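Because the structure is a prediction, the values reported are computed rather than measured.
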Amino acid sequence: MDAIIIVLVILVVLVFIALVKTIQVIQQASAAIVERFGRYTRTLNAGLNIVVPFIDTIRNRIDLREQVVPFPPQPVITQDNLVVNIDTVIYYQVTDARAATYEVSNFIQAIEQLTVTTLRNIIGGMDLERTLTSREEINAALRGVLDEATGKWGIRVNRVELKAIEPPTSIQDSMEKQMRADRDKRAAILQAEGVRQSEILQAEGSKQAEILRAEGDAKAAALRAEGEAQAIRTVFEAIHAGDADQKLLAYQYVQMLPKIAQGDSNKLWIVPSELGDALKGIGGGLGRLAENGGAPAEPVDSGRPTLDKPGRQQPRFE
């Protein structure tokens with residue numbers, strides 16, 4: 001009786017194990033490789049799958065999501081014989097689980113070695129300066145080579161990024177000094193340009209000010225000249241309207257002599273010829289006035305034509 005119970009227990013355990021091995025649940029974005037007697041049979045996709053227990057076995061479970069794999073720094077020699085350390089990051093995705101299982105033994109290691117060799121070939125044809133400034137070009141070249149080589153492995157390389165490019169310490173110090181010198185040079189150029197623009201603006205401002213001042217002086221001189229001309233015309237018209245004789249004109253000229261002599265630059269005086277005769281007449285008139293005791297003298301006919309009109313009284317000098 002005990003033996004029967006033991007056999008029944010064993011059968012129940014075997015059935016349970018068979019059911020567990022028969023029902024295979026594959027997670028989303030995953031795949032499983034099924035082998036029967038060591039030979040590839042099929043690929044299990046996500047969901048509930050039935051396999052033959054003790055005959056079919058699960059060889060490998062593969063994640064179909066995009067994977068990110070950073071590789072350690074690799075020493076690479078540039079075209080100008082400088083050693084730089086480059087860190088790379090690979091973004092890949094398994095598109096064929098069967099090929100990724102049977103075409104390559106370890107596709108992660110294969111991708112790493114292929115990345116290193118391809119990177120050395122690309123950087124070997126560039127100098128240091130181009131290497132530091134051509135990351136996009138290097139990324140595109142790496143991705144093209146890796147995608148072509150890994151296609152038969154059932155892997156698609158989506159992106160390749162250079163995480164860091166580290167030149168030697170001595171080169172870093174030289175580059176830092178060069179950048180500092182370039183910054184100082186640009187600062188000096190900008191300062192000189194600013195001073196130049198400032199001086200140009202100041203010169204243009206002074207020029208405009210001088211032009212405006214000269215125009216103002218010219219207009220003022222023109223207005224003064226016009227005013228003096230108008231005054232002369234007014235005086236001339238008044239003299240002719242009053243019909244003044246030579247004595248009055250000479251007296252007015254004598255009054256204007258101090259004003260003419262006020263200027264420091266007036267070195268030469270122009271005396272009209274009529275002034276002598278007029279001064280003689282004034283002197284004679286003043287002499288007769290003194291002889292008569294202050295009484296007005298009789299007009300003396302000099303025989304010269306005068307500007308007097310009939311019936312107009314001659315001006316008197318006291």
Side-chain angles (χ1 to χ4, degrees), residues 1-76 86-122 138-164:
M1 188 66 183
D2 294 336
I4 296 174
I5 295 174
I6 295 173
V7 172
L8 291 175
V9 171
I10 293 173
L11 290 176
V12 171
V13 172
L14 290 176
V15 170
F16 179 75
I17 295 174
L19 290 175
V20 171
K21 289 185 172 294
T22 302
I23 300 174
Q24 295 291 332
V25 178
I26 306 302
Q27 300 295 329
Q28 182 67 33
S30 298
I33 302 299
V34 178
E35 292 181 349
R36 181 171 296 175
F37 301 114
R39 184 176 181 181
Y40 170 77
T41 302
R42 58 195 176 105
T43 301
L44 300 182
N45 296 320
L48 184 62
N49 296 272
I50 305 297
V51 297
V52 179
F54 306 107
I55 297 177
D56 295 339
T57 58
I58 302 300
R59 166 70 184 272
N60 191 12
R61 293 179 183 266
I62 297 176
D63 194 346
L64 300 179
R65 295 174 297 179
E66 185 174 9
Q67 304 293 321
V68 181
V69 179
F71 296 145
Q74 299 294 329
V76 181
I86 300 179
D87 297 349
T88 55
V89 179
I90 304 296
Y91 296 80
Y92 73 93
Q93 185 176 11
V94 178
T95 57
D96 188 353
R98 178 182 177 276
T101 302
Y102 295 105
E103 295 296 333
V104 61
S105 61
N106 188 342
F107 60 84
I108 297 295
Q109 185 179 3
I111 292 175
E112 180 181 2
Q113 296 302 319
L114 182 61
T115 301
V116 171
T117 55
T118 305
L119 190 62
R120 288 176 178 173
N121 291 333
I122 295 174
I138 298 172
N139 293 339
L142 271 175
R143 183 181 179 278
V145 174
L146 292 177
D147 195 22
E148 181 180 359
T150 59
K152 63 180 180 179
W153 301 340
I155 297 173
R156 181 176 68 246
V157 177
N158 296 326
R159 294 180 63 185
V160 179
E161 296 292 339
L162 298 183
K163 190 176 180 181

For this session: Looking only at non-hydrogen atoms, find the nearest pair between A110 and V104 and report the distance.
Result: CB-CG2, 3.9 Å
Are the side chains of [X] and [Y] in touch, meaning some heavy atoms are under 4.5 Å apart?
X	Y	value
V51	L44	yes
V69	I111	no
L146	I155	no
Q74	T88	no
P73	K163	no
V34	T57	no
L142	L162	yes
I122	V76	no

So how far is it from [X] [atom1] to [Y] [atom2], rounded to the nearest 0.5 Å?
X	Y	atom1	atom2	answer
I108	F71	CD1	CZ	6.5 Å
D96	I62	CG	CD1	8.5 Å
E112	T115	CD	OG1	7.5 Å

Report the residues that fulfil salt bridge (charged side-chain N to carboxylate O under 4.0 Å, His left out) with [X], sequence neighbours left out, ordered by chain and then residue number.
X	answer
E66	none
R42	none
E35	R59
D147	none

For [X], which residues count as a ring pair (Phe, Tyr, Trp, His ring centres under 6.0 Å) partner, sequence neighbours excluded?
X	answer
Y91	none
F54	none
F107	Y92

Problem set entry | Residue pairs, two or more places apart or on separate chains, that pass salt bridge (Lys or Arg N to Asp or Glu O under 4.0 Å) and touch residues 148-157 | none
Return a table of donor-acceptor pairs under 3.5 angstrom between the side chains of residues 22-33 and protein atoms on other chains or two or more places apart.
from, atom 1, to, atom 2, distance (Å)
T22, OG1, A18, O, 2.5
Q24, OE1, R61, NH2, 3.1
Q24, NE2, K21, O, 3.3

Seminar exercise, completed: Residue pairs meeting ring-ring contact (aromatic ring centres under 6.0 Å, His included), one or both in residues 8-36, sequence neighbours left out, come to none
Exercise. Partners of D63 by side-chain hydrogen bond (donor to acceptor under 3.5 Å, both in side chains), sequence neighbours excluded?
Worked result: R65, Q67
Exercise. How would you list, by chain and number, every residue that makes a side-chain hydrogen bond (donor to acceptor under 3.5 Å, both in side chains) with D56, sequence neighbours excluded?
Worked result: R36
Exercise. Within the distance-only criterion (no hydrogens, no angle test), does the side chain of E161 pair as donor or acceptor with the backbone N or O of N139 below 3.5 angstrom?
Worked result: no
